[in-house]
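Below is one structure, written out as C-alpha cells; comments come after it.
Protein chains get the first letters and strands the later ones, always in sequence-line order, with residue 1 at the start of each. The structure presented is a predicted model; accordingly, all values stated were derived computationally and were not measured.
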Number of protein chains: 2
Amino acid sequence: MPASPIRKLVPYAEAAKKRGVKVYHLNIGQPDIETPKMALDAVRHFDFKVLEYSHSAGNESYRRKLATYYQHAGIDVNYQQIIVTTGGSEAILFGFVSCLDPGDEVIIPEPFDANYNGFAVAAGVVVKPLTSYIETGFALPKADEFEKLITPRTKGIVICNPNNPTGYLYSQEEMDTLKALILKYNLYLFADEAYRDFCYSGKHISAMSLKGVEDRVILVDTISKRYSACGGRIGALVTHNQAVLDTVLKFAQARLSPPSFAQILGEAATELPPDYFDSTKAEYLKRRDVLVSRLNKIPGVFCPNPGGAFYAMAKLPVDDTDTFCQWILESFAYDNQTVMLAPAGGFYGTKGLGKQEVRLAYVLNTTDLNKAMDCLQKALEQYPGKTH
Amino acid sequence: MPASPIRKLVPYAEAAKKRGVKVYHLNIGQPDIETPKMALDAVRHFDFKVLEYSHSAGNESYRRKLATYYQHAGIDVNYQQIIVTTGGSEAILFGFVSCLDPGDEVIIPEPFDANYNGFAVAAGVVVKPLTSYIETGFALPKADEFEKLITPRTKGIVICNPNNPTGYLYSQEEMDTLKALILKYNLYLFADEAYRDFCYSGKHISAMSLKGVEDRVILVDTISKRYSACGGRIGALVTHNQAVLDTVLKFAQARLSPPSFAQILGEAATELPPDYFDSTKAEYLKRRDVLVSRLNKIPGVFCPNPGGAFYAMAKLPVDDTDTFCQWILESFAYDNQTVMLAPAGGFYGTKGLGKQEVRLAYVLNTTDLNKAMDCLQKALEQYPGKTH
C-alpha cells in the first residue's frame with residue numbers, strides 16, 4: 001500500500017505551524033463552505049433513545065428522497081437502485097468487490113484520486129493507468145489508447161467526472177467513447193461523480209444517462225463535497241444492474257449499516273431549495289478564476305482551466321514537486337506565511353510522471369487564495385531547484 | 001457472497017406484521033438498552049459549522065480517552081496503537097487486508113459471526129472453519145484439532161470473545177492454547193472483543209494481555225454493543241505491532257476518515273462512571289437466566305449457559321431450523337404473537353452443520369422474553385417437522 005500523497009507532507013506543515021508560520025492549505029479537498037445549517041440542525045434535533053443499526057442499504061426514507069435528487073439531476077433511478085454507503089469510499093470498494101475478481105484489471109485515466117489504489121489493493125484488483133496530459137487539459141485519452149491496455153483480465157474502466165485531481169469535465173463525445181469501449185469489450189464503467197454539482201464550463205454528462213449500457217454502469221457518489229459534509233461518511237452506489245445490487249447488498253449486510261447520524265443530515269439536505277448550489281458554485285467559480293489566472297501569471301507556470309470540481313493541476317518550473325512542496329513548508333516563508341500543495345506524482349500510477357506538477361484545491365476564500373499565490377510566486381523566485 | 005443468515009427471514013417477519021401479528025425479535029443483536037443520554041447529548045450539542053474529515057486514525061482526543069478505557073480494562077496500549085474504524089466491521093476488514101494476502105487462510109472456530117465471511121471474501125482470504133460443539137457449550141477446540149487444519153497458507157486465527165453467536169467465554173487455559181499455536185506457527189490472532197464488558201461467569205481474558213505474542217495480536221473492537229450505539233459505526237483496531245499499524249493507517253487514509261458525529265458520542269461515552277456497565281450487565285444477566293431456564297424446560301430443547309455477550313445457542317427438536325424459523329413466522333401465531341430466531345446453519349462454515357440449532361439474542365426485557373418463549377414452546381408443540 002502506497003502512502004497518501006496528500007497527507008505525507010503533514011508533519012512538515014505541523015512543524016511550520018509550530019514555528020508560528022501560517023500555512024494556507026491547498027493540499028486537501030476539505031471545503032471551507034459551511035455545511036447547510038438546516039441539515040446540521042436535523043442532526044441536532046434527532047429524537048431517538050437508542051442509536052440503532054439502520055437498514056443495510058440505508059434508511060428507506062432517505063433512499064426515496066435521494067432518488068428524487070438523482071431524477072432532478074437527470075439520472076433516472078428508483079430508490080431500490082440506490083444503496084447508501086459509508087462515504088464514496090465504500091461505494092468504490094463495494095463496486096470493485098461486487099463486480100470484479102481478484103486479479104481482474106481496471107483502466108483508470110491518470111492522474112487519478114490516489115485513494116482508488118487503496119480500494120484496488122483491498123479488492124485484489126490491478127490498476128492499469130492510462131496517461132492523460134496537462135497540455136490537453138487532461139482530456140480523455142483516445143479509444144485506441146484504451147484498447148492498447150485491454151487484456152482478457154480487463155473488466156472495467158474507472159472515471160471521475162468532473163475529475164479529481166484535474167478538474168476536467170468530460171464532454172458528450174468523450175462519454176460516447178467510453179460507452180463504445182464498455183460495449184465492445186463488455187466492461188463495467190465505474191463513474192465517480194462526487195463533484196457533479198460543481199461544473200462551471202459546460203454541462204455534466206452522467207455515465208448513468210448513457211443509453212444501451214444501463215447494466216454496465218456503476219455510479220459511486222457521496223454527499224461529502226455536495227453539502228460540505230466530508231465527516232459524515234455518507235455516499236451511495238447506484239446502478240440499474242440488479243445482479244450487482246444483490247451482491248452489493250450482501251457486502252452491505254456484512255458491514256451491517258451505514259452511519260445513522262449522517263443519514264439524517266443527508267436526508268434533510270435533499271430538501272434544500274434547487275438554487276442552493278448556485279451560491280456555492282458562484283463562490284467556487286470566483287476562486288477558480290482567481291487561482292488559474294494567478295498561476296498562469298507566474299513565470300514558467302502552466303495551469304489549464306478546469307471545468308468542474310474544485311481542483312486545478314499546475315506545472316511548475318521545478319525539478320521535483322515532492323522536494324519543492326517539502327521545501328516550501330520547511331525552508332520558506334513570506335511574511336511569515338506559506339502554502340501547502342499536493343505533489344502530483346502520487347496521483348499517477350505510472351512511476352516518474354507528474355514530477356513537475358502539483359494539485360491545488362481551491363477550498364479557501366479569494367483573499368486567502370491570493371495570499372497563497374503570493375507565497376507560491378515568491379517561493380518560485382527563491383527556490384534553488386528551479387529549472388528555468 | 002452468501003446472504004446474511006440473520007436477515008434472510010426479514011420478508012416473512014414483515015408479512016407477519018402486516019397480518020397484525022406481533023413479532024418478538026430475538027434474531028438480531030440490536031440491543032434495546034438506551035444509548036447513554038450524556039453521549040447522545042454530546043452529539044446534540046456539537047458546535048462546528050463545517051462537518052470536516054477527521055484524522056484518518058480518528059480524533060486524537062478520542063483516541064487518548066479510548067487508551068484510558070483500554071488501560072482500565074487491563075489492556076496496556078497508548079493512543080498511537082489505536083486506529084478508529086467505521087464499526088468493528090471495518091476493523092476486521094483492515095486487519096485482514098493489512099496482515100494477509102489474497103489466498104491466505106484463517107482458521108475460525110465455528111459457529112462464527114457470518115459477517116466475517118463478507119470481509120474474508122472482500123479481502124480474498126480463505127476461511128477454514130473448525131467445529132466447536134453445543135454439547136461442550138462451544139468450548140475452544142483442542143490444539144491438535146487446529147493443527148490438523150494448518151497449511152503453509154495458514155496465517156491467522158480469528159476468535160470472538162465472549163463469542164457471537166454462542167455466548168461462550170474463553171478461559172485462561174484456552175487463551176494459552178491459542179497463544180501457543182500462534183507462537184508455534186507464527187500466526188496472527190484476530191480477536192473480536194466487542195462484548196468484553198458483558199461477562200457473567202468468569203473474567204474476560206483479553207488476547208491483548210497474552211505475554212510474548214504482543215506483535216501477533218490484532219484486537220478488533222466496537223462501541224456498538226458496549227454503549228448500545230450500533231448505528232454510530234465506530235470501532236477500533238488496536239495492536240502493539242507497529243508495522244501493522246502503519247499499513248492499516250494507509251488503508252484508513254484511502255477511506256479518508258471514520259464518521260465524525262459518532263466519534264463525539266464515543267468520546268463522551270469514555271467519561272461514563274465505572275459503574276455504568278453494572279446495571280446493563282445485571283439486566284443482561286437477568287435476561288440470560290430467564291431465557292436459558294425457559295429454553296431448557298421445553299421438551300427436547302438444549303441450551304448451554306453462555307458466559308458472556310447477549311446470545312445463546314439452542315438445539316431444537318426439529319429437522320431443520322431454516323424451515324422451522326420460516327414456519328414460525330409464516331404459519332404460526334400464539335395469542336397473535338410469534339418470535340423471530342436466527343437459524344444457526346449460516347453461522348457454520350461447514351455445510352450441513354447447525355441444522356437443529358438457532359441463535360437467540362436476549363435483547364428484549366424479561367416480560368417480552370417470557371412471551372417469546374411461550375410462543376416458541378407452543379410452536380414446538382405444533383410443528384409438523386418435530387423430530388421427537
Ignoring hydrogens, what is the shortest heavy-atom contact between [X] and [Y]? Give both atom names and the distance.
X	Y	result
A:G232	B:P259	O-CB, 4.2 Å
A:Q30	B:Y53	OE1-N, 2.9 Å
A:A254	B:G118	CB-CA, 3.9 Å

Measure distances from [X] to the heavy atoms of chain A and classify the residue's part below 4.5 Å as side chain, backbone, both or neither.
X	result
B:I33	backbone
B:P31	backbone
B:Y227	neither
B:R233	side chain
B:S56	both
B:F46	both
B:V50	both
B:D32	backbone

Between A:P258 and chain B, with a heavy-atom cut-off of 4.5 Å, which part of the residue counts as in contact: side chain, backbone, both or neither? backbone
Side chain, backbone, both or neither of A:I234 within contact of chain B (heavy atoms, under 4.5 Å): neither
Flag if over 12 foreign heavy atoms under 6.0 Å of NZ, A:K17: yes
Determine whether more than 12 heavy atoms belonging to other residues, nucleotides or ligands lie under 6.0 Å from atom OH of B:Y12. no
Looking only at heavy atoms and a cut-off of under 4.5 Å, which of A:V43, A:L249, A:D101, A:D246 has the most pairs with chain B? A:V43
Given the options A:H45, A:Q263, A:E34, which has more heavy-atom pairs under 4.5 Å with chain B than any of the others? A:E34
Min side-chain heavy-atom separation [X]-[Y] under 4.5 Å:
X	Y	value
A:F48	B:T35	no
A:F261	B:L40	yes
A:V97	B:V121	no

For A:E110, all residues meeting side chain to side chain donor-acceptor pair (under 3.5 Å), sequence neighbours excluded: A:T131, A:T350
Listed by chain and number, what are the ring-ring contact (aromatic ring centres under 6.0 Å, His included) partners of B:Y284, not counting sequence neighbours? B:F198, B:F310
List the residues meeting salt bridge (charged side-chain N to carboxylate O under 4.0 Å, His left out) with A:K18, not counting sequence neighbours, and say none if there are none. none
Among residues 85-94 of chain A, which ones touch chain B with a heavy-atom distance under 4.5 Å? A:T86, A:S89, A:L93
Nearest-0.5 Å distance, CG of residue B:N117 to NZ of residue A:K250: 11.5 Å
Nearest 0.5 Å, please: how far is CG in A:N115 from CG in B:L256? 5.0 Å
